[in-house]
Amino acid sequence: MLEWAYQGVNISVPRNGGTECAEFLTMKVRTLETLIVLMVFGPLFLWSVKRLSPLPHSALWKEDHPEPVFKRVLLVAMCLIWGVEIGFKFSSRTVIFLLNPCHITTAMQVSTLSL
């Protein structure tokens, strides 16, 4: 049913799919990495959440300040590049790779830059 999302993945390339990819890291290594990341970034997340405050109303509506031209150019360029990446993933039937951190980060940057 979801073959369209992963059908183009070439599993003959080492660590690009199949059991070798799934068994690349042992469960022990994955657990250890997860615990280290949680120990480092968990307290940092809690520290930052305590310091959040709502934006003032004037910061939400920028009627008195024009939007910089470079910001708009950067936003358009990032949207075009991201659109080409998505189009390539669909045309090569490797949509599963859109879940890679680089594509997710680009989506987050586009949404943040559009505010």
Side-chain angles (χ1 to χ4, degrees):
M1 182 172 166
L2 294 174
E3 293 87 20
W4 58 270
Y6 63 85
Q7 194 173 26
V9 177
N10 185 0
I11 62 173
S12 65
V13 176
R15 292 182 296 281
N16 200 22
T19 57
E20 186 178 332
C21 178
E23 297 169 355
F24 180 65
L25 294 176
T26 65
M27 185 57 76
K28 188 176 183 179
V29 172
R30 283 188 261 176
T31 304
L32 181 65
E33 287 181 357
T34 302
L35 289 175
I36 290 172
V37 167
L38 286 176
M39 287 177 8
V40 170
F41 291 103
L44 187 61
F45 175 77
L46 294 174
W47 175 83
S48 63
V49 167
K50 290 177 187 174
R51 284 157 181 76
L52 287 176
S53 62
L55 290 173
H57 188 270
S58 62
L60 297 174
W61 302 102
K62 306 175 201 171
E63 295 173 3
D64 52 341
H65 299 294
E67 190 172 271
V69 174
F70 180 72
K71 178 181 173 184
R72 185 165 299 220
V73 169
L74 182 63
L75 179 62
V76 169
M78 286 184 74
C79 287
L80 285 173
I81 291 169
W82 195 51
V84 168
E85 290 173 353
I86 291 173
F88 176 75
K89 296 300 179 197
F90 274 101
S91 68
S92 63
R93 291 187 229 145
T94 55
V95 181
I96 191 75
F97 291 131
L98 281 178
L99 298 175
N100 282 350
C102 58
H103 299 298
I104 302 297
T105 303
T106 304
M108 291 169 43
Q109 289 172 342
V110 165
S111 66
T112 303
L113 193 59
S114 67
L115 294 177

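Computed over heavy atoms, backbone and side chain alike; hydrogens, waters and symmetry mates excluded. We count residues from 1, following the sequence as given.
Screening L113, V69, V110 for a side-chain contact (heavy atoms from CB on, under 4.5 Å) with L74, the sole residue that qualifies is L113.
Put simply, CD on E85 and CG on N100 are 10.0 Å apart, with the number rounded to the nearest 0.5 Å. In this structure, CG on L75 lies 9.5 Å from CG on L80, to the nearest 0.5 angstrom. Considering CH2 of W82 and CG of L98, their distance stands at 8.0 Å, rounded to 0.5 Å. In this structure, SG in C102 is found 10.5 Å from CZ in F97, a value given to the nearest 0.5 Å.
W47 and L52 fall into different hydrophobic clusters, where Ile, Leu, Val, Met, Phe, Trp and Tyr are joined by side-chain heavy atoms under 4.5 Å apart, directly or via other members. Cluster membership for L44 and V37, using ILVMFWY side-chain heavy atoms within less than 4.5 angstrom, is shared.
Dense packing is recorded around CZ of R30, with more than 12 heavy atoms of other residues, nucleotides or ligands lying under 6.0 Å away.
Minimum interatomic distance between P43 and V40 (heavy atoms only, all atoms of both residues): CD-O, 3.8 Å.
Taking a 4.5 Å side-chain heavy-atom cut-off between Ile, Leu, Val, Met, Phe, Trp and Tyr, the cluster of V49 extends to F45, L46.
No side-chain donor-acceptor contact under 3.5 Å links T112 to the backbone of Q109.
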